[in-house]
Student: 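Below you'll find the structure I mean.
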Amino acid sequence: QVQLVESGGGLVQAGGSLRLSCAASGRTFSNYAMGWFRQAPGKGYEFVAAIGWSGSRTYYADSVKGRFTISRDNVKNTVYLQMNSLKPEDTAVYYCAGDPIKEGALHHYDYDGWGQGTQVTVSS
C-alpha cells in the first residue's frame with residue numbers, strides 16, 4: 001500500500017478557497033491513480049474527484065464540477081485538490097486514496113491506500 005498524508009484543511013467562509021495536499025510515500029506514486037473522497041458527520045464516503053496515473057484524465061462529482069480541481073505532481077509525489085467557491089455543504093473530512101488497478105474509480109472500496117483525513121469546515 002501507498003502511505004498518504006493529507007494537509008491543507010481548515011475553516012473558511014462560504015465563497016472562499018482552500019487547497020488540499022496529499023503526500024505519498026512507500027510505493028511508486030505514479031503507479032497509483034488517485035482520488036479524493038469526503039465524509040460529512042453521520043454520512044458515508046462521498047466521491048469528490050479522481051485523477052489518472054499521468055494526470056491527463058480527471059473525474060469529478062457533479063456537486064463539485066466547475067469549483068474543484070484535482071491535479072498531481074509525480075515528481076513531488078503529491079496530489080492536490082483546489083477548492084473554490086466553497087459552500088457550507090462542502091463541510092466534511094476529506095481523504096485522499098490510491099488505486100493501483102484503475103483510474104476514475106467512484107467507490108471508496110476500490111481504493112487500497114488511505115490517508116488520515118483533513119477537516120474542511122465552511123461557515124455560512
Side-chain angles (χ1 to χ4, degrees):
Q1 282 186 357
V2 63
Q3 281 77 54
L4 302 168
V5 178
E6 301 95 338
S7 61
L11 173 64
V12 64
Q13 287 188 332
S17 299
L18 284 173
R19 187 173 86 150
L20 306 183
S21 299
C22 172
S25 62
R27 290 288 187 269
T28 302
F29 179 64
S30 58
N31 288 347
Y32 282 79
M34 299 299 296
W36 284 96
F37 287 78
R38 65 188 181 187
Q39 188 174 32
K43 297 188 176 181
Y45 290 107
E46 177 189 9
F47 170 77
V48 175
I51 189 166
W53 296 278
S54 69
S56 60
R57 281 189 288 266
T58 57
Y59 311 81
Y60 295 96
D62 287 343
S63 59
V64 306
K65 203 171 293 183
R67 301 188 297 123
F68 291 11
T69 303
I70 188 171
S71 62
R72 67 187 295 162
D73 185 331
N74 285 347
V75 174
K76 295 182 177 180
N77 291 349
T78 302
V79 62
Y80 304 97
L81 185 68
Q82 178 66 45
M83 306 186 296
N84 299 328
S85 302
L86 282 161
K87 304 175 181 180
E89 51 263 44
D90 294 319
T91 295
V93 178
Y94 283 70
Y95 300 89
C96 66
D99 185 348
I101 305 300
K102 66 176 182 179
E103 63 179 54
L106 303 181
H107 303 289
H108 69 280
Y109 47 75
D110 289 322
Y111 293 80
D112 72 351
W114 288 81
Q116 83 291 347
T118 185
Q119 176 71 47
V120 171
T121 303
V122 184
S123 63
S124 57

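Along the sequence shown, residues carry numbers from 1.
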Student: If a pair satisfies salt bridge (Lys or Arg N to Asp or Glu O under 4.0 Å) and one of its residues is in residues 70-82, list it, with sequence neighbours excluded.
Tutor: none

Student: With K43, which residues qualify under side-chain hydrogen bond (donor to acceptor under 3.5 Å, both in side chains), at least two apart?
Tutor: none

Student: Would you mind listing every salt bridge (Lys or Arg N to Asp or Glu O under 4.0 Å) that reaches into residues 108-124, with sequence neighbours excluded?
Tutor: none

Student: In Å and rounded to the nearest 0.5 Å, what is the OG1 to CD distance from T91 to Q119?
Tutor: 7.5 Å

Student: To check you understand the geometry: which heavy-atom pair defines the closest contact between N84 and S17, and what is its length?
Tutor: OD1-OG, 2.9 Å

Student: Tell me every residue that passes side-chain hydrogen bond (donor to acceptor under 3.5 Å, both in side chains) with R27, counting only those two or more places apart in sequence or in another chain.
Tutor: none

Student: Looking at residues at least two apart in the chain, or sitting in another chain, which of them share a side-chain contact (heavy atoms from CB on, under 4.5 Å) with Q116?
Tutor: V5, E6

Student: Quick one: which residue pairs count as a salt bridge (Lys or Arg N to Asp or Glu O under 4.0 Å) with a foot in residues 90-107, not counting sequence neighbours?
Tutor: R38-D90, R57-E103, R67-D90

Student: Quick one: hydrophobic cluster around F29, which other residues, with the 4.5 Å side-chain cut-off, linked directly or via members?
Tutor: V2, L4, V12, L18, L20, Y32, M34, W36, V48, I51, Y60, V64, F68, I70, V79, L81, M83, L86, Y94, V120, V122

Student: Quick test of your reading: applying disulfide (SG to SG under 2.5 Å), list the pairs with at least one residue in residues 10-120, sequence neighbours left out, ordered by first then second residue.
Tutor: C22-C96

Student: Which residues pass the side-chain hydrogen bond (donor to acceptor under 3.5 Å, both in side chains) test with S30, sequence neighbours left out?
Tutor: none

Student: Apply the hydrophobic cluster definition, ILVMFWY joined by side-chain contacts under 4.5 Å directly or through others, and give me every member besides F37.
Tutor: Y45, F47, Y59, V93, Y95, L106, Y111, W114

Student: What closest approach, in Å, do A50 and G104 show between heavy atoms, and which atom pair accounts for it?
Tutor: CB-CA, 4.0 Å

Student: Other than Y80, what residues sit in its cluster of Ile, Leu, Val, Met, Phe, Trp and Tyr side chains whose heavy atoms are under 4.5 Å apart, directly or through others?
Tutor: none

Student: I need the Q13 CD to S124 OG distance, nearest 0.5 Å.
Tutor: 9.5 Å

Student: Between S63 and E46, is the side chain to side chain contact (heavy atoms under 4.5 Å, CB included) condition met? List the steps.
Tutor: CA-CA 10 Å; S63 59; E46 177 189 9; 3.6 Å; yes

Student: Mind checking side-chain hydrogen bond (donor to acceptor under 3.5 Å, both in side chains) for S7 and listing every partner two or more places apart, or none if nothing turns up?
Tutor: none

